[in-house]
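One structure is given here, and the rest of the page talks about it.
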Amino acid sequence: MSLVVQRVTAEPVPPDARQHMVRMRDGVRLATDVYGAGDGGPAPTVLARLPYDKNSRYVFFDRIAERFTAHGYVVVVQDVRGKFRSQGRTLGWTGEVDDAYDTLEWITHQPWSDGSVGMFGDSYYGFTQWSAVSSQHPALRAIVPRVTCTTNAPGIAAYDPGSGRQPVWLEGATYQAQVWTDRESYEFDVDLTRRPVIAAYEEAFEAIGRRSAGFDLIVGDIRLDPYNGPHPYDARPVPVLHCVGWFDNLGIAHMRDYTELARRPGWGAVQYLIADTTDHENYVLEDAPVSRENDHFADDAALARMLDSYTAPAIAFFDVFLKGTARPQALPRVRWKLGHADWRESDAWPPPEATATELYLARPAAAPGMVPGGTLAPSPADAAENVDWRYDPESLVPSAAPVTFLQLRDHVDERSTLDRDDVLVFTTPASERPLDLAGPVHAVLHVESTAPTYDVFVRLLDLAPDGAARLIVRGCAQSDTAGELEIALGHTGYRVRPGHRLALMIAGSDFPNHLPNSGSLESPWHTTTPKASLQKLRTGSAHPSRLRLTVLPPARTGKGSEPA
């Protein structure tokens, strides 16, 4: 059966927007919609620059604009270079610094502009905000990057781009193939079980009639510098409201931006954080798994509710830093959701009262196979112990969700994965009282392999009394040596409720989210015969494999101590 490729074309410009073709310094013109320009005198502007068709329902900017213009802002939304109605070469994570500067310059010369601009948006249109910061245009007064990061070029860094080599994120490769091939976008199902894996993408490019340059950069492991100005960390500070999702697939990288900037002189004073129990597409833990009436992609009422909560923090932030109608003291430095509990506020992240604690992997011989497996103990065993687990390219460990952008839509029960005999599982006893996680989580593992290169995937799950296991955080690493491997699992705010247990899972694959290892020195993209391997985990006081958590003191009786 031949591959079916559906072409996604530009939607009509909404009647309440006026489109302009804005000239960049090299003569390329970018399609740019303006909302609310005739609603009064000069006003501050909210700008978004994105590659997903500025007029599509997917980005719903006509509805977002209604919310900002109702509060006195002009809204400008632009197709980035090489996408949909805009001219120029199609290649993501390049050219955005200069295009941001030129767009900001154009805005400041319009009669409806008061000369101040803030930027807003998710994912790639969070990255274009960091590009504008790099441009250092004086009109840029504040940004609200959501579920994004500064360093996701060209093949999106799903985890921490500062934590060493990682397995290739296949979702990022598919995204490049579907979104960054030409001005339009393409929808197709990639058969990732084919060997070699790259053949599935080659079939798609043949059907489309052209290739994605960004995809080829990922396959070639070629990294481009996305900033032809200073890295945003080194640019002129502007106020930032980081909007993070605890279940977002870019959450690790986004929190790295926040924590790095929060400790930098100049930047630290203007960093703000809102962290919710959301995934990349704004589904929330409280609704998971999501029913149709709560699905904002399927239900208009659900979309309206989502957009209200989506835009409200940005409006409040811009009222301070663009309009000046509110004072900075009105904004909490950190507002964060404790999953299965309530919203909290603090002056810093992690909260000052949070402390680091370590749980040591013990009884490893019991780790393969059925839950409860090995144990997570408060101290390491004196004796050295070890356990092997296999990597079998013919029987790959399934991913926590087929599409991690939608992690919470289905919020999959992973118990069957925990019970596989090719993964290791370590669990705590059932909690007698709430255990509140509030900060970073790391796994520190002592590992070796029979293969010249191997992958380690780690998930921390909530194991319920009925046996259901659902994801809290996850991370991965790729290595070619034996020894201690530290894997960032991200930050979280999460309550492990009484009767529940923590389960730490260790595996050698994560499919289809990640490209399976070749098990050899051959390219995993091109191999037709990937090799199986054995990995060994060492535990005990000489090799203290452990889980490092950040926890709050036991909840006091009273407000905030019980689930909302």
Side-chain angles (χ1 to χ4, degrees), residues 147 158-160 244-252 254-255 275-280 283-289 336-342 344 349-351 354 356-359 361 371-373 376 397-401 404 406-415 417-418 423-431 434-445 456-476 487-507 510 513 546-552 563:
V147 295
Y159 297 107
D160 184 350
V244 175
W246 293 142
F247 294 88
D248 174 33
N249 53 16
L250 298 182
I252 292 177
H254 194 156
M255 284 302 297
D276 200 353
T277 56
T278 51
D279 63 15
H280 198 80
Y283 292 108
V284 298
L285 177 65
E286 290 72 23
D287 292 339
W336 62 281
K337 185 73 171 290
L338 180 65
H340 300 303
D342 51 17
R344 309 285 176 97
W349 183 264
T357 188
E358 293 186 329
L359 297 174
L361 280 58
V371 168
L376 293 168
V397 177
S399 300
T404 62
L406 305 168
Q407 181 68 50
L408 292 173
R409 185 186 63 183
D410 302 316
H411 205 28
V412 176
D413 177 4
E414 298 187 62
R415 176 57 186 268
T417 305
L418 289 184
V423 304
L424 305 181
V425 182
F426 297 84
T427 60
T428 61
S431 177
L435 172 65
D436 292 340
L437 308 180
V441 181
H442 289 82
V444 183
L445 307 176
V456 179
F457 295 90
V458 180
R459 301 177 202 165
L460 183 64
L461 300 106
D462 181 334
L463 188 60
D466 64 1
R470 290 186 166 86
L471 185 72
I472 302 174
V473 289
R474 65 193 177 110
C476 64
I487 302 175
L489 305 187
H491 290 243
T492 190
Y494 190 89
R495 171 163 290 177
V496 183
R497 293 158 288 177
H500 290 239
R501 291 183 284 173
L502 288 174
L504 184 73
M505 189 191 92
I506 303 169
D510 178 41
N513 292 170
R546 58 203 184 271
L547 173 66
R548 185 184 302 143
L549 303 170
T550 311
V551 301
L552 294 177

Is [Y] close to [X] at the side-chain level, that is, under 4.5 Å between some pair of heavy atoms?
| X | Y | answer |
| --- | --- | --- |
| Leu435 | Leu502 | yes |
| Thr277 | Leu408 | no |
| Val244 | Trp336 | no |

Of [options], which meets side-chain contact (heavy atoms from CB on, under 4.5 Å) against [X]?
| X | options | answer |
| --- | --- | --- |
| Leu418 | Asp413, Leu461, Val423 | Leu461 |
| Tyr283 | Arg409, His411, Gln407 | Arg409 |
| Leu460 | Leu471, Leu549, Thr492 | Leu549 |
| Phe247 | Leu406, Leu285, Thr278 | Leu285 |

Rounded at 0.5 Å granularity, tell me how far CG in Leu424 sits from CG in Leu361.
8.5 Å

Flag the pair Arg474 and Glu414 as a salt bridge only when some basic side-chain nitrogen lies within less than 4.0 angstrom of an acidic carboxylate oxygen.
no

Contacts of Arg501 meeting side chain to side chain contact (heavy atoms under 4.5 Å, CB included) (sequence neighbours excluded), chain-then-number -> Val371, Pro372, Thr427, Thr428, Ala430, Leu463

Candidates Arg495, Arg497, His500 - the one meeting side-chain hydrogen bond (donor to acceptor under 3.5 Å, both in side chains) with His340
Arg497

Heavy atoms of Thr550 and Ala354 approach each other most closely as CG2-CB, 3.8 Å

Sequence neighbours excluded, the answer for ring-ring contact (aromatic ring centres under 6.0 Å, His included) partners of His442 is none

Pair Asp462, Tyr494 - check side-chain contact (heavy atoms from CB on, under 4.5 Å), show working.
CA-CA 10 Å; Asp462 181 334; Tyr494 190 89; 2.6 Å; yes

